[in-house]
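Worksheet: one structure, shown below.
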Number of protein chains: 2
Amino acid sequence: MGVDCRGVPGFPGEGHDHRECVGQALDRAAEHCRRKSLRLTPLRRKVLELVWIGHRPMGAYEILASLRHERQGAAPPTVYRALDFLIAQGMVHRIEHLNAYVGCTGPDHPHAGQFLICRSCGLAAEINDSRIDDAIQDSATEAGFSVGRRTIEVEGVCPNCAGAKD
Amino acid sequence: MGVDCRGVPGFPGEGHDHRECVGQALDRAAEHCRRKSLRLTPLRRKVLELVWIGHRPMGAYEILASLRHERQGAAPPTVYRALDFLIAQGMVHRIEHLNAYVGCTGPDHPHAGQFLICRSCGLAAEINDSRIDDAIQDSATEAGFSVGRRTIEVEGVCPNCAGAKD
DNA sequence: AATGTTATGTTATACTATTACATTAATCAG
DNA sequence: CTGATTAATGTAATAGTATAACATAACATT
C-alpha cells in the first residue's frame, strides 16, 4: 500500500497514498539541497509542500492563499521567489498554458517537462519520453536551430476521467 | 526575389520580401473566410496584418499600440476579440511561454502549432513535424490519455543568429 | 563581533486578460 | 423596404498574473 507518485506515466490511481507521496517529494528535495549545499528554507519547503499537496497545477495566487494560513503577511514576491528557486532546482515545473505550477518528482534526472494535463480533473502527469525529445531534436537540427528550453504540454482526458464516463 | 514565408522550416533568410509575405497571408485569410462564409472585417484584417508585419510573436498590448495609430479608441477587448477569431480560424497561434501571438501560414492543413523560437532575434518558426506529433500521440496512448490541444514551444537559437556570432 | 551574502518582508506597480453592458453594423424573414 | 435578429465593436471597469525597488532579517565567514 502506498503506491508512490513517481511512476511514469503518472496519473495516480486507486491505491495512491498521498501523504506518503508528499513526504517522499519533500525528502527528495531535502536530500538534493543537502548534496548541493542549497538552502531548503522553511518557506521554500512549505511552498513545495503546498504544490505537492495539490498534486496538480496550482496558480501562484492559489499557493499564496494557502501559504497565508500560516504566514499572514505573505505577498506575491514571497511565493514567486520560492517558486523561482524550486523551478531552478527542477523541483517544480511551470505549466505555461495554465499559468500554474506543479511538483516534479525530482531533479535527479534533469529534463524538460513534458506534461499530459487532464481537462476534466485538472491533474497533470509528467512524462519524459525520449522519443518526443528525439523527434524535436531531429526536427530542430534539420532547421539549423539549436535547442534550449522546451515546453511540451498536451491537454486532453486522462484514463481515470475517460473511465468515469462509462 | 520574393521568397515567400511559407517555407518550412521557416526562418526567413536573406531574400525575404516581407511586403509580399504579408500580402500573401492576408490573401489566404480572405480566401479562407470567403469559403467558410466568415467575416474578415477591417478590424480582424488589420490585426492579422499587424501580427504578420511583426513576423514574430507579438504581445496583445503591443498589437494594441500599433492598432491605435489608426483606431484611436481601441481598447484591450478590441484586440483580444480579433485574436480570438483569428486563433479559432487557425490564422494566428498563441505562444504560451511568451504570452504572445504569431501569424500562421494558414488553416489549410489544420494543425497544432509547433514552434522554434529564437531567444536572440525573437523570431518564431512554425514547424509541423509529424514525427513530433506521432511521438506525442504514441506516448499519450500508452498512458491511456486521449490527446487534445498540444503546446510545443522550443526556445533556442536560430541559424541566422548562430551564424551572426562568427 | 564585523562583514558580505542570501533570503525574506513590504509596498507599489506593470503586464496580461476578461466581464459587463452599450452601441453599431450586417443578415434575413416577411 | 421594414423590422427583428444576430454578430461585431465600443467603452469602462476590473480581475488575474508577475515583477521592480528598496528595507530588513538571517546566515556564513573571518
Side-chain angles (χ1 to χ4, degrees), chain A residues 29-30 33-34 36-51 54 56-89 91-102 122 151 153, chain B residues 29-30 33-34 36-51 54 56-89 91-102 122 151 153:
Chain A
C33 288
R34 197 189 56 70
K36 301 191 68 171
S37 299
L38 297 169
R39 291 162 60 190
L40 187 63
T41 62
L43 172 63
R44 290 166 173 173
R45 184 185 158 86
K46 186 66 192 178
V47 169
L48 181 58
E49 183 184 11
L50 289 172
V51 169
R56 63 180 171 76
M58 293 181 66
Y61 280 70
E62 191 181 1
I63 295 167
L64 179 57
S66 294
L67 186 62
R68 280 179 168 154
H69 292 151
E70 63 183 51
R71 289 195 179 226
Q72 261 191 308
T78 306
V79 64
Y80 280 108
R81 284 192 286 227
L83 288 171
D84 286 346
F85 171 83
L86 296 168
I87 289 169
Q89 297 310 315
M91 298 166 180
V92 165
H93 286 295
R94 176 180 159 85
I95 306 290
E96 298 291 343
H97 88 266
L98 296 174
N99 294 331
Y101 304 85
V102 69
T151 301
E153 300 170 5
Chain B
C33 287
R34 197 190 54 72
K36 300 190 70 171
S37 299
L38 297 169
R39 291 163 60 190
L40 187 63
T41 62
L43 171 63
R44 290 166 174 174
R45 185 186 158 85
K46 186 66 193 177
V47 169
L48 181 59
E49 183 183 12
L50 290 172
V51 169
R56 62 179 172 76
M58 294 181 66
Y61 280 71
E62 190 180 2
I63 295 166
L64 178 58
S66 293
L67 186 62
R68 280 179 169 153
H69 292 150
E70 62 183 51
R71 289 197 180 225
Q72 263 191 308
T78 306
V79 64
Y80 280 107
R81 283 191 287 226
L83 287 171
D84 286 346
F85 171 83
L86 295 168
I87 289 169
Q89 296 310 315
M91 299 166 180
V92 165
H93 287 294
R94 176 180 159 85
I95 307 291
E96 298 291 343
H97 88 268
L98 296 174
N99 293 332
Y101 304 86
V102 68
T151 300
E153 300 171 4

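Below, chains carry the letters A, B, ... as their sequence lines are ordered, and counting in each starts from 1.
The side chain of A/Thr41 has C/dT8 as its nearest neighbour among C/dT10, C/dT8, C/dA17. Among the nucleotides C/dA17, C/dT19, D/dA18, the one closest to the side chain of B/Pro77 is C/dT19.
Within the 3.5 Å criterion, the main-chain N or O of A/Ile95 finds no donor-acceptor partner in the side chain of A/Glu153.
Here CG of B/Leu48 is found 7.0 Å from CG of B/Leu40. Values are rounded to the nearest 0.5 Å. Interatomic distance, CG of A/Leu38 versus CZ of A/Phe85, reported as 5.0 Å (0.5 Å rounding).
Of the side-chain N and O atoms in B/Thr78, none sit less than 4.0 angstrom from OP1 or OP2 of D/dT11. The side chain of B/Arg68 contributes no N or O atom lying less than 4.0 Å from OP1 or OP2 of D/dG10. Applying the 4.0 Å criterion to OP1 and OP2 of C/dA7, one finds that A/Arg44 has a side-chain N or O inside that range.
Summarising the local packing, CZ of A/Arg45 is surrounded by 12 or fewer heavy atoms from other residues, nucleotides or ligands at distances under 6.0 Å.
Whole-Å rounding puts the A/Leu38 CG to D/dA28 P distance at 12 Å. As rounded to whole Å, 15 Å separates atom C1' of D/dA7 from atom CG of B/Leu40. Distance B/Arg45 CZ to D/dT9 P: 14 Å, rounded to the nearest Å. In this entry the distance linking CG of A/Leu43 with P of C/dT10 reads 13 Å, nearest Å. Note: CD1 (B/Ile87) to C1' (C/dT16) measures 13 Å, nearest angstrom. The distance between atom CZ of B/Arg81 and atom P of C/dA22, rounded to the nearest whole Å, is 14 Å. For A/Ile63 and D/dA18, the CD1 to C1' distance is 13 Å, given to the nearest whole Å. One can place CG of B/Leu67 at 11 Å from P of D/dT9, the figure rounded to the nearest angstrom.
Donor-acceptor pairing under 3.5 Å, judged by distance alone, is absent between the side chain of A/Tyr80 and the base of D/dA20. The base of C/dA14 has none of its N or O atoms less than 3.5 Å from a complementary donor or acceptor on the side chain of B/Tyr61. If you check distances only, the side chain of A/Arg71 never reaches the base of C/dG9 with a donor-acceptor pair under 3.5 Å.
Both B/Pro76 and A/Asn99 lie near DNA chain D, and the one whose nearest nucleotide falls closer to the 5' end is B/Pro76.
Between A/Arg94 and B/His97 there is no side-chain heavy-atom pair separated by less than 4.5 Å.
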